[in-house]
Novice: 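Sending over a structure as structure tokens; questions will come in a sec.
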Amino acid sequence: MQLKNKNIFVTGSSRGIGLAIAHKFAKLGANVVLNSRGTISEDLLAEFSNYGVKVVPILGDVSNFADAKRMVDQAIAELSSVDVLVNNAGITQDTLMLKMTEEDFEKVIKINLTGAFNMTQAVLKQMIKAREGAIINMSSVVGLMGNIGQANYAASKAGLIGFTKSVAREVANRNVRVNALAPGMIESDMTAVLSDKVKEATLAQVPMKRFGQAEHIADATVFLAGQDYLTGQVLAVDGGLSM
């Protein structure tokens with residue numbers, strides 16, 4: 001898929017990895033939808049002013065089925081299509097299993113996994129009709145390996161992998177490709193809250209002995225979006241952590 005002039009919807013893209021992904025697509029000449037549950041400032045929109053592309057801010061909650069459909073409908077109305085969907089929105093609610101509440105578990109599942117279902121179902125009909133499209137789901141090495149204190153997060157990210165492979169099989173003959181990324185330890189707002197002890201322990205397990213950057217994930221996302229003969233795959237961008 002040639003990305004220039006295509007329309008890209010990146011959920012959870014007002015900061016961090018999602019924002020880096022949006023910038024990467026815009027640099028390549030693609031129009032982007034910036035999404036947040038909260039606000040998208042004028043200053044943030046101004047960051048895209050030099051790319052010469054359309055940038056559409058759409059607020060909404062991916063975990064709400066009706067809201068997801070409303071957001072996709074709005075994006076199609078303003079841009080005429082959604083050619084690439086990046087299901088990036090996600091949260092953590094870390095605690096040991098014995099201390100984890102029902103709310104801790106269900107909130108993470110609802111945003112990280114159900115949110116991807118909601119957005120994917122909302123966008124698929126249009127992609128199938130166009131006989132072209134790409135969906136990239138943001139999983140995690142935690143979904144591949146598990147991690148202490150993250151049973152809810154691991155379940156949501158492992159679920160995304162099964163979801164990715166199943167949907168990929170359903171829509172492959174319509175030229176709609178569905179893949180997943182599994183980032184490792186990436187420096188972001190989400191990892192900034194971790195203690196130095198946790199960061200050091202994780203770094204000791206990374207063969208490349210350094211953390212990744214949001215730019216690494218953005219590059220991999222663009223790669224998956226542009227590959228016309230790649231579907232149902234999970235690409236780990238983790239410095240070798242999961243090998």
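What you see is a predicted model; the values in this text were computed from it and never measured. Here, residue 1 is the first one in the sequence, and each next residue gets the next number.
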Novice: Once rounded to the nearest 0.5 Å, what's the spacing between atom CZ of R37 and atom CD1 of I91?
Specialist: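 So the gap between those two atoms works out to 6.5 Å.
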Novice: Ignoring hydrogens and geometry, is there a side-chain-to-backbone donor-acceptor pair from T11 to N88 under 3.5 Å?
Specialist: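 Checked: pair present.
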Novice: What residues, two or more places apart in sequence or in another chain, satisfy side chain to side chain contact (heavy atoms under 4.5 Å, CB included) together with A154?
Specialist: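 Counting only residues at least two positions away or on another chain, A154 forms a side chain to side chain contact (heavy atoms under 4.5 Å, CB included) with V142.
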Novice: Counting only heavy atoms not in K165, do more than 12 sit closer than 6.0 Å to its NZ atom?
Specialist: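 Buried by this count: over 12 neighbours within 6.0 Å.
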Novice: Between D73 and R70 (salt bridge meaning N to carboxylate O under 4.0 Å), is one present in this structure?
Specialist: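 No, this pair does not count.
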Novice: Just wondering, do T221 and F25 contact through their side chains at under 4.5 Å, heavy atoms?
Specialist: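 Counting from C-beta outward, F25 and T221 do come under 4.5 Å.
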Novice: Would you say that N7 contacts S80 through its side chain, given a criterion of any heavy-atom pair below 4.5 Å between the two side chains?
Specialist: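 Heavy-atom side-chain distance check passes, below 4.5 Å.
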Novice: Taking only residues two or more places apart in sequence, or in another chain, which ones meet A158 in a side chain to side chain contact (heavy atoms under 4.5 Å, CB included)?
Specialist: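 A158 satisfies side chain to side chain contact (heavy atoms under 4.5 Å, CB included) with no other residue.
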Novice: In Å, rounded to the nearest 0.5 Å, how long is the span from CG of N112 to CG of N137?
Specialist: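 Separation between the atoms: 11.5 Å.
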Novice: Decide side chain to side chain contact (heavy atoms under 4.5 Å, CB included) for I135 and M127; before the verdict, give the C-alpha distance in whole Å, the side-chain angles of both, and the deciding distance to 0.1 Å.
Specialist: CA-CA 10 Å; I135 298 170; M127 287 184 175; 4.0 Å; yes
Novice: Output yes when a side-chain donor or acceptor of S36 lies under 3.5 Å from a complementary backbone atom of G38, and no otherwise.
Specialist: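 At least one qualifying donor-acceptor pair exists.
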Novice: Would the distance check show the side chain of N179 and the main-chain N or O of Q233 forming a donor-acceptor pair, the cut-off being under 3.5 Å?
Specialist: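 Side chain of N179 to backbone of Q233, a donor-acceptor pair under 3.5 Å: yes, one is there.
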Novice: Distance only, no hydrogens: is a donor on one side chain within 3.5 Å (strictly under) of an acceptor on the other, for T120 and N87?
Specialist: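 Checked: T120/N87 side chains pair up, N/O donor to acceptor below 3.5 Å.
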Novice: What's in the same ILVMFWY side-chain cluster as L96, cut-off under 4.5 Å, chained through other members?
Specialist: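 So far as hydrophobic clustering goes, L96 is joined with I148.
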Novice: Check whether any side-chain heavy atom of Y153 sits under 4.5 Å from a side-chain heavy atom of N147, and report yes or no.
Specialist: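 Sidechains of N147 and Y153: no contact.
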